[in-house]
Amino acid sequence: MPEPKIVFAPILDEEVRAIGESLVPKGFKLEWTAHADVPAAIQDADHLCGFIGPLSTETLVSAAANRLKLVQLMSVGYDRFNLDGARAAKLPVSVNGGANAIAVAEHAIMMMLATLKRVHELDLAVRAGGWRSAATGSDRVYELWHSTVGIVGMGRIGQEVATRLAGWQSTIVYYDPFRLSPEREAELGVRYVELDELLRTADVVTIHVPLNAQTRHLIDAESLSIMKSSAVVVNTARGGLIDEDALLTALQEGRIMGAGLDVLNAEPPPNDHPIFKLPNVLLTPHTAGPTWQSFPRRFANCFANIERVQRGEPAQWVVPELADLFS
């Protein structure tokens, strides 16, 4: 019997590849592949792993009919993957089991603080020759202490955010279609509210839900209209969760104070994107998740799930849209 083959795409930085290669399960073969070569490479592979973009239904069905048993994503997001094709192929698609939850939670809190305190604007002012003056304070900055933080989505990342806010003496409210147990709410120090109440009362709204048909434009013009004028919104999940045109209008008109965005609708954005003209927006290039410490956790989780499936056991962390096929 040939050794099980794992195809990994894309081809990562040499140092990151070294981490992956050091964790490859014994008896498995790891093959690094460019995105463009994935359709051919998986026709004789047992598992596909990595940061995987769209693949045709024909490709997935053909590969599953040969040897492919699992699509294992290194990310928590899966909106770019062809889930209809995976269903047709009866292929489980799994996310990374929360391996990047700490990294994203830290990034979200960093963006909360930086946006509340206008760090981006102050940095630009200093670089342009400005310094403190009598006018300092006319553009208000705020503390996270004693604020109300609204967490939209209380999965692994949302819970890591709540855990890290313990000690800030903030009021933490959350909305999620699947409410936590009373015991877990008490442990995290969070209170469940409906989404409208969260938006009306929060000083910071941070979003941690997957992007799908139900959550696209979850934060729309109406949502933004009921937020405090002093509130900020932070998005480290997926750009499509916010109606970007509505957000731009709200920011331009001062209907909310600011936004911290690690994700946008178009990635990378066009050079003339109007958001670049707004001083009250902090931007990072979809880099919340890939910290140096998160890569060993990602590889370890992904390879453990691959070993599980290779042994004939059910995959863990299957995306909800496919869970009925493998329950």
Self-check item: Ring centers of F8, F299 separated by less than 6.0 Å
Solution: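 Under 6.0 Å, so yes.
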Quiz item: Parallel under 30°, tilted from 30 to 60°, perpendicular over 60°: which one fits the rings of Y174 and Y192?
Solution: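 Perpendicular.
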Quiz item: According to the interplanar angle, ranging from 0 to 90°, do the rings of F51 and F295 count as parallel (below 30°), tilted (30 to 60°) or perpendicular (above 60°)?
Solution: perpendicular
With [X] via side chain to side chain donor-acceptor pair (under 3.5 Å) - residues at least two apart:
{"X": "R179", "answer": "E185"}
{"X": "T163", "answer": "none"}
{"X": "D84", "answer": "none"}
{"X": "N280", "answer": "none"}

Below 3.5 Å, can you tabulate the donor-acceptor pairs from side chains in residues 145-157 to any protein atom, sequence neighbours excluded?
residue : atom : partner : partner atom : Å
W145    : NE1  : Q169    : OE1          : 3.4
H146    : NE2  : Q169    : OE1          : 3.3
S147    : OG   : L144    : O            : 2.5

If every non-hydrogen atom of [X] is compared with every non-hydrogen atom of [Y], which pair is closest and at what distance?
{"X": "S62", "Y": "Q43", "answer": "OG-OE1, 2.7 Å"}
{"X": "N100", "Y": "N96", "answer": "OD1-ND2, 3.4 Å"}
{"X": "A162", "Y": "I172", "answer": "O-CD1, 3.9 Å"}

Quiz item: Distance only, no hydrogens: is a donor on one side chain within 3.5 Å (strictly under) of an acceptor on the other, for Q310 and H47?
Solution: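 Yes, a side-chain donor-acceptor pair sits under 3.5 Å.
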Self-check item: Side-chain donor-acceptor contact under 3.5 Å, H273 with E244
Solution: yes
Quiz item: Are there more than 12 heavy atoms of other residues, nucleotides or ligands under 6.0 Å from atom CD of E222?
Solution: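 No, CD of E222 has 12 or fewer neighbouring heavy atoms, counting only those of other groups under 6.0 Å.
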Quiz item: Should the heavy atoms of other residues, nucleotides or ligands under 6.0 Å from CZ of R80 be counted, would the total exceed 12?
Solution: no
Other than [X], what residues sit in its cluster of Ile, Leu, Val, Met, Phe, Trp and Tyr side chains whose heavy atoms are under 4.5 Å apart, directly or through others?
{"X": "V263", "answer": "none"}
{"X": "L91", "answer": "V7, V38, I42, L48, I52, L55, L60, L68, V71, L73, Y78, F81, L83, V93, V95, W317, V318, V319, L322, L325, F326"}
{"X": "V61", "answer": "none"}

Practice problem: Would you mind checking if R200 and E194 are paired as a salt bridge, meaning a charged N to carboxylate O distance below 4.0 Å? | Solution: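 The answer is no: the pair does not qualify as a salt bridge.
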Quiz prompt | Carboxylate-amine/guanidinium proximity below 4.0 Å for R87 and D324 | solution =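 Looking at R87 and D324, the cut-off is met.
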Quiz item: Would you say the side-chain atoms of K228 pair up with the backbone N or O of T201, donor to acceptor, closer than 3.5 Å?
Solution: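 It does hold such a pair.
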Quiz item: Counting distance only, does the side-chain N/O of S181 pair as donor-acceptor with the main-chain N or O of R184 below 3.5 Å?
Solution: yes
Self-check item: CG on N305 to CD on E313, rounded to 0.5 Å
Solution: 10.0 Å
Practice problem: Any pair with a residue in residues 205-221 that passes salt bridge (charged side-chain N to carboxylate O under 4.0 Å, His left out), sequence neighbours left out, goes on the list, sorted by first then second residue, please. | Solution: none
Exercise answer: donor-acceptor pairs, residues 13-27 side-chain atoms, under 3.5 Å, sequence neighbours excluded:
residue : atom : partner : partner atom : Å
D13     : OD2  : E15     : N            : 2.9
R17     : NH1  : L12     : O            : 2.6
E21     : OE2  : W32     : NE1          : 2.9
S22     : OG   : I19     : O            : 2.7

Self-check item: Pairwise side-chain contact, I256 with L224, heavy-atom cut-off 4.5 Å (strictly under)
Solution: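 Contact flag for I256/L224 side chains = yes.
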Quiz prompt | side chain to side chain donor-acceptor pair (under 3.5 Å): pairs with one or both residues in residues 104-116, sequence neighbours excluded | solution =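 Applying side chain to side chain donor-acceptor pair (under 3.5 Å) to every pair that reaches into residues 104-116, excluding sequence neighbours, yields H107-T284.
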Quiz prompt | Pairing residues for R238 by the salt bridge (charged side-chain N to carboxylate O under 4.0 Å, His left out) criterion, not counting sequence neighbours | solution =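 Checked R238 against salt bridge (charged side-chain N to carboxylate O under 4.0 Å, His left out); matches are D79.
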